[in-house]
Amino acid sequence: MSGAYFDQFKIVGLVALTNSSMMMIVTVVVVLLLFKGIHLVPVRWQSIIELIYDHFHGVVKENLRPGGLKNFPFILSLFFFIVFLNVLGLSPYVFTPTVHIVVTLGLSFSIIIGVTLAGFRGFEWDFFSIFMPGGAPLGLAPLLVLIETVSYMSRALSLGVRLAANLSAGHLLFAILAGFGFNMLIGSGLGGSLPLLIMVFITLLEMAVAVIQAYVFCLLTTIYLTDTVVLH
């Protein structure tokens, strides 16, 4: 039975693609279709998108200053890509690529490498001053540089592991409680409404986790991009 819980994480080949890459392509298509068409008087869906747009615009402007707004399209696109991967993955028989750490680490390491290259391009060799805190004694420089370098590299690990770990735990909990609720529905008579209520609650909770984890991922990405705008 425990093996069945982990079947949802298996990568399966589909002709020339895998279920993971296929889901990413489907997500991009869905996002593009949802953004198709703009109404002068916004409909409900467009109002939600505009609220998200305004919020992230404020977050990017606050953290990266007006000069860093060039990164805003990337942050907004990254949010919608991850959040739709997470939310669509809650549907039955739909694979969720973000539960695989190789996918999330691929995203996080790509972001950190991009931040490093952008910082080096903007500040050249001065960019490496972020590894030496200002005002620190010169004698502690080797130790501080080592600590700051490890801390900088751990950003990619924490960014990717956090997303994959939270979604994997949520999917496992979802599957276990779904099996438990199904057994209760079969074995109980009048008490059948209880497992249904539990499943509704868990579904809403997982949808909230899917959105929150996507938001945290993009918020941390925005904070890390601060190093490309101003040196600390």
Side-chain angles (χ1 to χ4, degrees), residues 1-14 17-31 34 48 52 55-56 75 77-111 154-223:
M1 185 65 180
S2 61
Y5 294 140
F6 292 93
D7 289 343
Q8 59 182 314
F9 303 122
K10 289 183 178 179
I11 295 181
V12 181
L14 302 172
L17 299 173
T18 63
N19 52 350
S20 179
S21 56
M22 178 67 73
M23 190 59 200
M24 293 185 191
I25 295 174
V26 170
T27 300
V28 172
V29 173
V30 169
V31 173
L34 289 175
I48 296 175
I52 297 174
H55 176 76
F56 273 100
I75 298 296
S77 301
L78 182 65
F79 172 76
F80 281 111
F81 177 69
I82 295 177
V83 79
F84 274 94
L85 278 180
N86 296 346
V87 173
L88 291 176
L90 295 175
S91 303
Y93 304 107
V94 176
F95 183 80
T96 312
T98 44
V99 300
H100 274 270
I101 197 168
V102 66
V103 174
T104 56
L105 285 182
L107 285 173
S108 61
F109 270 95
S110 299
I111 290 170
S154 66
R155 292 179 176 182
L157 290 175
S158 62
L159 195 62
V161 170
R162 180 187 293 105
L163 179 60
N166 281 281
L167 292 177
S168 299
H171 277 63
L172 282 175
L173 178 64
F174 200 23
I176 293 172
L177 291 180
F180 177 70
F182 181 73
N183 292 332
M184 286 185 65
L185 280 174
I186 295 178
S188 62
L190 298 176
S193 59
L194 178 59
L196 288 178
L197 291 175
I198 294 176
M199 289 310 303
V200 170
F201 172 76
I202 294 298
T203 302
L204 294 176
L205 178 63
E206 284 305 305
M207 291 185 67
V209 170
V211 176
I212 291 172
Q213 290 303 316
Y215 178 77
V216 170
F217 191 96
C218 294
L219 180 61
L220 290 175
T221 300
T222 304
I223 295 173

Which distance, rounded to the nearest 0.5 Å, do you find between the [atom1] of [X] and the [atom2] of [Y]?
X: Ile82; Y: Ser77; atom1: CD1; atom2: OG; result: 11.0 Å
X: Asn86; Y: Met207; atom1: CG; atom2: CE; result: 11.0 Å
X: Ile212; Y: Leu219; atom1: CD1; atom2: CG; result: 12.5 Å
X: Phe81; Y: Thr98; atom1: CZ; atom2: OG1; result: 8.5 Å
X: Gln213; Y: Asn166; atom1: CD; atom2: CG; result: 3.5 Å

Donor-acceptor contacts under 3.5 Å from residues 101-109 side chains, at least two apart:
from, atom 1, to, atom 2, distance (Å)
Thr104, OG1, Ile101, O, 3.1
Thr104, OG1, Gly160, O, 3.0
Ser108, OG, Thr104, O, 3.2
Ser108, OG, Leu105, O, 3.1
Ser108, OG, Ala156, O, 2.8

Closest non-hydrogen atom pair, Phe80 against Val31
O-CG2, 4.1 Å

Heavy-atom nearest pair, Phe79 first then Val211, reads CE1-O, 4.2 Å

Can you confirm whether [X] sits close enough to [Y] that some side-chain heavy atom of one is under 4.5 Å from a side-chain heavy atom of the other?
X: Thr221; Y: Ile75; answer: yes
X: Phe217; Y: Ile111; answer: yes
X: Met23; Y: Leu85; answer: yes

Check: Tyr215 ring centroid to His55 ring centroid under 6.0 Å:
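Between His55 and Tyr215, which both carry aromatic rings, the centre distance is below 6.0 Å.
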
